[in-house]
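Predicted model, so just to flag it, every value in this text is computed and none were measured. Quick note: residue numbers are just sequence positions, from 1.
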Amino acid sequence: MGMYSFFYGCVMFFVIHLLFLVVIRVKGKRLGFGECDLFTGTWVKDEDLYPLYQPDTCPFIEREFRCQANGRPDLLYTHYRWHPLACNSLRFNGLDFLEKMRGKSIMFVGDSLSRNQWQSLTCMLHSSLPNSTYTLDRVTDVSIFTFTEYNVKIMLDRNVYLVDIVREDIGRVLKLDSIEGSKLWRGIDMLIFNTWHWWSRRGPTQPWDYIQEGSKVMKDMDRMEAFEKALRTWGAWVDANINPTKVKVFFQGISPSHYNGSLWNEPSAKSCVGEMNPVAGSTYPGGLPPAVTVLKNVLRTIKKPVTLLDITTLSLLRKDGHPSIYGLGGPTGMDCSHWCLPGVPDTWNEILYNLI
């Protein structure tokens, strides 16, 4: 009887272990011995280990992300850790990151959400090695943060559409099939792209007067369709120019905004102001923005490897993480699009660390 029990126990252990590996493998991203979906999970309070840094250790964080310095009184939003459901992710290790990237360059390409992630990563690294020297320079539209001891460059190219805006006789033309700005991306070891938030802009903040595809010039067109066409132009550039043995390519995904409380089952909320807790659970009541589907459909057509930082759902759950009235606009502004630092973009970078 004892031998039978021992044999039965061994078989059950093997079966459960095998099923565990199969479940993890189905989920997607490689981590350790199995594979792990890093993007499905919940936010848990962890006041012992989070935040990863204090904002005053990074004097270079720009004012619009410095919520505490701008007077935000609550700090609970800084103490949440992302917990994937299928596995445990590795905690960010700045020294390990810099050693892995020694002598290499990383460039974020996109709008102010790329700047949000860029500033997060530079602060995570600097606070990990506060005595390591760095320089911060700007050359035309590119900001360059260099950790001189490791010869690692963390760069930002502000390019809100990825495709070109060209000034012509008729005015500023957004050219959906032109991507001359890509000359700045050559020779970079890791590229992290992003575009979306500017595609819906109209009026005085819209930075173009006409939109062009091929020889057809229009005053406007369906913005989601324009977004898709620009992504396809970018995808064609990736296929034509990226050598996967030398360059890693990521796409940041769609970072969400929180201006409509009905989407998180709080109809009385007209913005993110006063929000102090994440949405509970692992799903967002309002669903995903349509731009996510467009982006994923385009990424499937690209032949070269592009890894999606699929941060939309985990960020949708963080209605509490925006500057609101503690951003660049102050009490008269309302920023429910960008993210406080420390905060949600630190998790994007922890996931990036796990993926590389």
Side-chain angles (χ1 to χ4, degrees), residues 64 108-117 140-141 156-185 192-240 251-260 262-263 270-272 286-302 306 308 311-312 315-316 322 327-329 333-338:
E64 63 190 292
F108 292 89
V109 183
D111 55 28
S112 53
L113 276 309
S114 290
R115 181 157 48 89
N116 220 166
Q117 187 177 4
T140 61
D141 287 332
L156 172 71
D157 173 23
R158 188 178 183 276
N159 185 328
V160 300
Y161 295 109
L162 300 185
V163 293
D164 300 328
I165 297 176
V166 179
R167 189 173 293 276
E168 298 185 346
D169 291 341
I170 59 172
R172 300 163 300 174
V173 182
L174 176 61
K175 295 179 177 281
L176 298 179
D177 50 9
S178 175
I179 196 161
E180 291 300 315
S182 62
K183 62 182 181 292
L184 296 174
W185 313 338
I192 305 157
F193 293 95
N194 154 59
T195 182
W196 167 240
H197 274 249
W198 281 69
W199 287 94
S200 59
R201 291 211 176 191
R202 301 176 188 276
T205 62
Q206 177 183 296
W208 50 267
D209 306 303
Y210 295 89
I211 193 164
Q212 181 177 352
E213 183 188 17
S215 59
K216 186 177 182 181
V217 178
M218 301 155 278
K219 192 64 180 172
D220 208 342
M221 67 180 295
D222 179 89
R223 298 303 180 87
M224 196 67 75
E225 183 181 352
F227 171 62
E228 180 177 358
K229 290 179 181 295
L231 283 178
R232 292 191 183 281
T233 297
W234 165 78
W237 178 87
V238 169
D239 277 338
F251 200 98
Q252 184 196 65
I254 305 298
S255 175
S257 300
H258 290 91
Y259 290 99
N260 181 1
S262 297
L263 297 177
K270 307 304 178 186
S271 70
C272 61
L288 295 173
V292 174
T293 300
V294 173
L295 171 61
K296 289 184 176 181
N297 286 341
V298 172
L299 290 178
R300 289 187 190 100
T301 69
I302 300 174
V306 178
L308 174 63
I311 50 88
T312 306
S315 303
L316 279 167
H322 301 287
L328 193 60
M334 180 57 65
D335 185 355
C336 299
S337 296
H338 299 101

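For the pair Phe227 and Leu295, the tightest heavy-atom approach, listed with the atom from each and the gap, is CE2-N, 4.5 Å. The two residues Leu316 and His258 come nearest to each other via the heavy atoms O-NE2, 2.7 Å. Between Val163 and Lys175 the shortest heavy-atom distance is CB-O, 3.4 Å. The two residues Asp239 and Thr301 come nearest to each other via the heavy atoms OD2-O, 4.3 Å. Residue Trp208 comes nearest to Lys219 through the heavy atom pair CZ3-O, 3.6 Å, listed as atom of the first residue, atom of the second, then distance. Closest approach of Gly253 to Asn194, counting heavy atoms only: O-OD1, 3.9 Å.
No hydrogens or angles considered: a donor-acceptor pair under 3.5 Å links the side chains of Ser112 and His338.
Put simply, the side chain of Glu64 reaches to within 4.5 Å of the side chain of Arg115, judged on heavy atoms. Residues Glu213 and Glu225 form no side-chain contact, since every pair of their non-hydrogen atoms from C-beta on lies 4.5 Å or further apart. The closest side-chain heavy-atom distance from Thr195 to Leu231 is below 4.5 Å. In this structure the side chain of Lys229 never reaches within 4.5 angstrom of the side chain of Asp177, judged on heavy atoms. Put simply, the side chain of Trp234 does not reach to within 4.5 Å of the side chain of Val109, judged on heavy atoms. A 4.5 Å side-chain heavy-atom check between Asn159 and Ser114 finds every atom pair outside the cut-off.
A donor-acceptor pair under 3.5 Å is formed between the side chain of Asp209 and the backbone N or O of Arg172. For Gln212 (side chain) and Gly214 (main-chain N/O), a donor-acceptor pair under 3.5 Å exists by modelled atom type. Under the 3.5 Å distance criterion, the side-chain polar atoms of Asp164 are matched with a main-chain donor or acceptor of Glu180. Remark: the backbone N or O of Leu176 is paired with a side-chain donor or acceptor of Thr233 at under 3.5 angstrom. Between the side chain of Ser315 and the backbone N or O of Pro256 there is no donor-acceptor pair closer than 3.5 Å. Proximity of a side-chain donor or acceptor of Arg223 to a complementary backbone N or O of Arg201 within less than 3.5 Å is detected.
To the nearest 0.5 Å, the span separating SG on Cys336 from NE2 on His322 amounts to 6.0 Å. Distance check, rounded to the nearest 0.5 Å: CD of Gln206 to CH2 of Trp199 gives 10.5 Å. With rounding to the nearest 0.5 angstrom, the CG atom of Asp141 is 9.5 Å from the CG atom of Leu156. Atom NE2 in His197 sits 12.5 Å away from atom OH in Tyr161 (nearest 0.5 Å). Within the model, atoms CG of Leu113 and OG of Ser337 stand 7.5 Å from one another, a figure rounded to the nearest 0.5 Å. One distance of note links CH2 of Trp196 with CZ of Phe251; it measures 11.0 Å at 0.5 Å rounding.
Counting non-hydrogen atoms of neighbouring residues, nucleotides and ligands closer than 6.0 angstrom, the CZ atom of Arg167 reaches no more than 12 such neighbours.
Tyr259 does not carry Lys270 over the face of its six-membered ring by the limits of under 6.0 Å from the centre and within 45° of the normal.
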Report the C-alpha separation of Ile179 and Trp185 in whole Å, then their side-chain angles, then the decisive distance to 0.1 Å, and conclude whether the side-chain contact (heavy atoms from CB on, under 4.5 Å) test is met. CA-CA 11 Å; Ile179 196 161; Trp185 313 338; 3.8 Å; yes
